[in-house]
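Notes to accompany the following structure.
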Amino acid sequence: MKIWNQYLERQRARLRTQYQTPGELFNSACEMLIKCFAVCGGERMKPGYTRRNARLIFLVSDLIVYLGVNVYSMALVWGSLMDEVFCFVTLGVAIQGLAKIEAFTCPELNDLHLYNVGRFLVPARFPEVEEALFHTAMMCKVFIRILAVAFSIVAIAIYTYMIVMPLVLQELALAFGFYLPFFDFRSPVGYTINWLYQFVQVLESCFGLMACDTCLMFLILNATGQMDLIIIYLRRLTELIDGNASGQNDDEIADLIGYIVVKYLEHTKYVRDMDKLLKKQFFISFCCMIFELVASLAIIVRIPWYPGMAVTLICTIQLFVSCALGTFLSSKSDKLVEEIYNVNWYGLSTKHQKTLQQVLLTSQHPVVLSDGFSAINLFTFVEVLVLNPF
């Protein structure tokens, strides 16, 4: 944790010299995200975007073909348990991809993005607000770079495996268990075509998953950033109340309470819309990843299957990151409830107490990310691992 905090301090100092306002920094991070989405045609946050673009049409068509190729490959390797499981595992990746495309290219995502951009344009009421906005923008910038490095390492590792494996085995062996029909992967020409096809699938998967996971992180970071601002307003409210012995701050108190209510309602709507946007995607992705984990582990406990070990590791990391983000959002909601409790209630009028009480009651039952059946948090992640029969 100390190393992480030191790293963030260095990044903060460096980014402070490069960007004059939090809005400029956030827009810079968003531009990087849009470029990642653009590879697959999913740059919904870009003005004038339409799903009817050649890159997205190619990606969807490719995923549909990919599903067919996996079904063909399963028929081709029928009788070999390991090969069948490998095809099932890669089939789940395609299903996840289609679910993510539907979620991260719909208009609702752009609405959330525009709201986030607008937050950085509103003049800061207090100096701490600008600092909190800068922190949110900085975290977006830092995490997109971290994820870019992480997915680059994954891509390099996979490509290295694709190149090295046939050299080590001294035969025309493909890294993945799916094969294009009509091209015999045992012949040099068929092997080359299948190898290039798998190369393209890995490229699209890495860019697509990185863009979607980064976008999810942006949404969560902005949701928690909204609560950070509300917490700042609550602390300022207490300061105004404490210095209001003769009633000179009554107007400011009333104005700030109204502002807190508006911002909390906006935050609640934001999280509700985010949950609605991601619910179906979470359900499909979690089902696929859990199935891939179970199927891969079923083989690994019998033989040392290295591709299955890689799949297990990647699925576990993806599940953990999603659940950790859900827990991070929930923990910030708990912090907000605590800050509302800490307000000097006795210095407020009865009217203002009732207003703040409504905020408190609502905040005690926050909207949480879910897959439609259970909350997305680390408790769910532990349940998945504990209940795994392997």
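All of these numbers come straight from a predicted model, not from anything done at the bench.
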[Y] backbone acceptor or donor facing [X] side chain under 3.5 Å:
X	Y	result
Arg51	Glu102	yes
Glu204	Cys40	no
Asp275	Val271	no
Ser331	Phe328	yes
Ser333	Pro366	no
Ser285	Phe282	no
Asn53	Gly41	yes

Mind checking whether [X] and [Y] have side chains closer than 4.5 Å, heavy atoms only?
X	Y	answer
Trp345	Ile241	no
Val368	Leu329	no
Leu278	Leu216	yes
Asn116	Tyr270	yes
Ile163	Trp195	yes
Met138	Pro22	no
Leu219	Leu109	yes
Tyr49	Asn110	no

Taking atom [atom1] of [X] and atom [atom2] of [Y], what is their separation to the nearest 0.5 Å?
X	Y	atom1	atom2	answer
Met32	Arg145	CE	CZ	5.5 Å
Glu43	Leu56	CD	CG	8.5 Å
Asp255	Ile260	CG	CD1	10.0 Å
Ser28	Gln18	OG	CD	8.0 Å
Cys206	Ile153	SG	CD1	11.5 Å
Arg12	Lys141	CZ	NZ	15.5 Å

Query raised in the report: Checking side-chain hydrogen bond (donor to acceptor under 3.5 Å, both in side chains) for the pair Thr362/Tyr264: CA distance, chi angles, key distance, verdict?
Result: CA-CA 9 Å; Thr362 306; Tyr264 184 76; 5.6 Å; no
Query raised in the report: Using the ring of each side chain (for Trp, its six-membered ring), is Tyr259 parallel, tilted or perpendicular to Tyr233, with breaks at 30° and 60°?
Result: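 Geometry flag for Tyr233 against Tyr259: perpendicular rings.
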Linked, directly or transitively: [X] and [Y] (ILVMFWY side chains, under 4.5 Å):
X	Y	value
Ile146	Ile317	yes
Ile57	Leu63	no
Leu336	Tyr341	yes
Ile64	Leu59	yes
Val39	Ile156	no

I need the minimum non-hydrogen distance between [X] and [Y], along with the two atoms involved.
X	Y	result
Ala99	Gln281	O-CG, 4.0 Å
Lys100	Cys212	CB-SG, 3.8 Å
Tyr197	Asp62	CE1-OD1, 3.8 Å
Glu24	Gln20	OE1-N, 3.3 Å
Phe218	Cys140	CE1-O, 3.3 Å
Glu252	Leu240	OE1-CD2, 3.8 Å

Report task. Report the residue from Lys332, Lys335, His135 that forms a side chain to side chain donor-acceptor pair (under 3.5 Å) with Asp228. Result ->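 Among Lys332, Lys335, His135, the one meeting side chain to side chain donor-acceptor pair (under 3.5 Å) with Asp228 is Lys332.
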Report task. Could you walk me through whether Lys269 and Glu266 pass salt bridge (Lys or Arg N to Asp or Glu O under 4.0 Å), step by step? Result -> CA-CA 5 Å; Lys269 180 181 183 303; Glu266 289 179 0; over 6 Å; no
Query - Phe143 CZ: over 12 foreign heavy atoms closer than 6.0 Å - result: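 Correct, the count exceeds 12.
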**Report entry** Lys/Arg-Asp/Glu bridge criterion (N-O < 4.0 Å) met for Arg236, Glu239
**Finding:**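 Salt bridge present between Arg236 and Glu239.
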Query raised in the report: Does one side chain, of Tyr115 or Asn222, offer a donor that lies under 3.5 Å from an acceptor on the other?
Result: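 Looking only at side-chain atoms, Asn222 and Tyr115 do not form any donor-acceptor pair under 3.5 Å.
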Query - Step-by-step side chain to side chain contact (heavy atoms under 4.5 Å, CB included) determination, Ile95 to Leu67 - result: CA-CA 8 Å; Ile95 296 172; Leu67 291 172; 4.2 Å; yes
Requested in this report: Answer yes or no on whether Arg16 is positioned over the face of Phe134, meaning its NZ or CZ is under 6.0 Å from the six-membered ring centre and within 45° of the axis.
Outcome: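 Here Arg16 passes the 6.0 Å and 45° test against Phe134.
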Requested in this report: I would like to know whether Gln318 and Leu209 meet side chain to side chain contact (heavy atoms under 4.5 Å, CB included); could you show each step before the answer?
Outcome: CA-CA 10 Å; Gln318 279 195 287; Leu209 287 174; 3.8 Å; yes
Query - Phe126/Leu229 under side chain to side chain contact (heavy atoms under 4.5 Å, CB included): CA gap, chis, key distance, verdict - result: CA-CA 10 Å; Phe126 309 108; Leu229 297 191; over 6 Å; no
Query raised in the report: Among Ile232, Ile231, Ile230, Thr238, whose side chain to side chain contact (heavy atoms under 4.5 Å, CB included) with Glu339 holds?
Result: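 By the side chain to side chain contact (heavy atoms under 4.5 Å, CB included) criterion, Glu339 pairs with just one of Ile232, Ile231, Ile230, Thr238: Ile231.
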Query raised in the report: After noting the C-alpha distance and the side-chain angles of Tyr159 and Val202, does the key distance pass the side chain to side chain contact (heavy atoms under 4.5 Å, CB included) rule?
Result: CA-CA 8 Å; Tyr159 286 138; Val202 172; 3.8 Å; yes
